[in-house]
**Q** 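Just dropping this structure here.
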Number of protein chains: 2
Amino acid sequence: MTTAGAAQRRETTRREYNANLAECPGHEVLAALSDKWVTLIVSALADGPLRHGELARTVAGATQKMLTQTLRRLERDGLVTRTVTGTVPPRVDYELTDLGHDILPLQRAIKAWAETHIDRVHAARERYDGRHQEPRC
Amino acid sequence: MTTAGAAQRRETTRREYNANLAECPGHEVLAALSDKWVTLIVSALADGPLRHGELARTVAGATQKMLTQTLRRLERDGLVTRTVTGTVPPRVDYELTDLGHDILPLQRAIKAWAETHIDRVHAARERYDGRHQEPRC
DNA sequence: CAGCATCCTTTGGGATACTG
DNA sequence: CAGTATCCCAAAGGATGCTG
């Protein structure tokens with residue numbers, strides 16, 4: 001019997017689709033860049049290496065958990081290096097790799113686009129909201 | 001008493017921080033672009049207007065809910081227009097606005113960066129995983 | 001055909017406390 | 001000081017069924 005066929009095939013299709021998306025370079029990069037803290041950490045490190053604590057202070061607002069988590073990901077992706085010095089008290093420095101530096105221009109490009117177009121977006125939003133949320137009566 | 005002071009002030013700081021982030025043009029744009037479906041919908045519409053159903057088929061893998069939700073956001077942000085024709089059966093066309101077309105170069109830039117650098121990222125990941133997950137015995 | 005509304009599962013993120 | 005582990009909540013996302 002093929003009763004479970006329809007729903008199941010859709011599910012499969014979706015998985016494959018998501019897998020394709022995940023493997024698409026463009027999406028990988030977007031996913032990485034758009035992470036709430038990645039941009040901030042990378043910017044913070046743009047001027048030179050920082051210790052964990054310094055980073056925590058610079059990127060105020062980030063949980064310690066998020067900080068470590070994000071740094072691990074960045075390290076894994078080869079965007080930052082993690083250097084441990086001594087054991088007690090431990091000292092850990094984070095520094096941007098060449099690859100890490102390479103994303104700065106891209107970030108700047110996005111920022112530039114944003115700054116030149118964001119006004120239009122905001123204007124559009126106001127128009128939309130005015131048209132849709134205001135009482136009709 | 002100021003017992004609740006510490007935790008509460010941290011909370012407040014965090015909120016303000018997030019608010020600042022949300023208002024930062026760069027992050028707004030990143031948040032918009034990095035949405036799982038935005039890229040796909042925008043690309044799909046790059047060649048010309050499409051009906052809801054056509055879009056659903058083109059961007060296979062997207063839930064109907066996600067599709068509509070994303071389209072509403074794009075409409076609100078002034079990136080697409082939504083045109084309703086007739087009432088029964090309804091026909092709705094979605095088309096990229098000028099502003100919508102303007103993000104195509106940016107998407108291409110990201111894609112280009114991704115394609116030239118993704119190999120290094122993947123290599124870094126393999127190195128990292130090899131170093132950290134393999135049994136040390 | 002287009003698109004709400006509802007329900008339910010999964011995930012992400014935050015607070016807290018503990019270890020080398 | 002740097003990092004891990006645990007708990008917990010809010011939000012995102014998906015499936016389904018109903019309406020103009």
Side-chain angles (χ1 to χ4, degrees), chain A residues 4-18 21-22 31-32 34-38 40-41 49-75 80-94 132, chain B residues 3-18 21-22 31-32 34-38 40-41 49-76 80-94 132:
Chain A
Q8 203 154 27
R9 214 170 36 204
R10 286 181 140 238
E11 166 80 8
T12 307
T13 307
R14 152 175 307 299
R15 303 241 161 192
E16 283 172 10
Y17 202 79
N18 286 336
L21 260 186
S34 64
D35 184 284
K36 204 176 167 188
W37 306 112
V38 165
L40 295 162
I41 293 181
L50 289 176
R51 299 185 55 177
H52 182 102
E54 298 171 319
L55 214 40
R57 251 166 283 123
T58 308
V59 190
T63 311
Q64 188 277 338
K65 179 186 174 183
M66 282 301 105
L67 196 61
T68 304
Q69 190 173 302
T70 309
L71 283 166
R72 284 296 120 82
R73 213 173 334 159
L74 289 174
E75 190 194 356
V80 306
T81 54
R82 178 169 173 275
T83 322
V84 184
T85 319
T87 50
V88 46
R91 175 198 173 104
V92 181
D93 288 87
Y94 291 96
H132 291 78
Chain B
T3 324
Q8 204 156 26
R9 215 170 35 205
R10 284 179 142 241
E11 167 79 6
T12 307
T13 308
R14 212 171 51 68
R15 302 237 163 197
E16 284 172 11
Y17 202 79
N18 285 337
L21 261 187
S34 65
D35 183 285
K36 205 178 169 188
W37 307 112
V38 165
L40 295 163
I41 292 181
L50 288 178
R51 299 185 56 176
H52 182 103
E54 297 172 319
L55 215 40
R57 250 165 284 123
T58 308
V59 189
T63 311
Q64 186 277 335
K65 180 185 174 182
M66 282 302 105
L67 196 61
T68 304
Q69 190 173 301
T70 309
L71 283 168
R72 285 297 119 84
R73 212 173 331 153
L74 291 174
E75 189 194 356
R76 187 170 109 98
V80 306
T81 54
R82 178 170 172 275
T83 321
V84 185
T85 318
T87 51
V88 50
R91 175 197 172 105
V92 181
D93 287 88
Y94 292 95
H132 291 77

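Computed over heavy atoms, backbone and side chain alike; hydrogens, waters and symmetry mates excluded.
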**Q** Can a side chain N or O of A:Y17 be found less than 4.0 Å away from OP1 or OP2 on D:dG14?
**A** no
**Q** Whole-Å distance between D:dT4 C1' and B:H132 NE2?
**A** 15 Å
**Q** Does B:R72 or A:R73 map to a spot on DNA chain C nearer the 5' end, using the closest nucleotide for each?
**A** B:R72
**Q** Between D:dC8 and A:K65, is there an OP1 or OP2 to side-chain N/O distance shorter than 4.0 Å?
**A** no
**Q** How many whole angstroms separate atom CG of B:L67 from atom P of D:dA12?
**A** 18 Å
**Q** Please determine whether any donor N or O and acceptor N or O are separated by less than 3.5 Å between the side chain of B:Q64 and the base of C:dC4.
**A** yes
**Q** Do the side-chain N or O atoms of A:R51 get closer than 4.0 angstrom to the phosphate oxygens (OP1, OP2) of D:dA2?
**A** yes
**Q** Would you call the rings of B:W37 and A:Y17 parallel, tilted or perpendicular if under 30° counts as parallel and over 60° as perpendicular?
**A** parallel
**Q** From C:dG3, C:dG13, C:dC1, pick the nucleotide closest to the side chain of B:P90?
**A** C:dC1
**Q** Under 4.0 Å between a side-chain nitrogen and a carboxylate oxygen: does that hold for B:E54 and B:R51?
**A** no
**Q** Atom CD of B:Q69 to atom P of D:dA15: distance rounded to whole Å?
**A** 14 Å
**Q** Does C:dA2 have OP1 or OP2 sitting under 4.0 Å from an N or O in the side chain of B:R82?
**A** no
**Q** Which of these nucleotides, C:dA2, D:dG14, D:dA2, is closest to any side-chain atom of B:V92?
**A** C:dA2
**Q** Less than 4.0 Å between a side-chain N and a carboxylate O, is that true for A:D35 and A:R73?
**A** yes
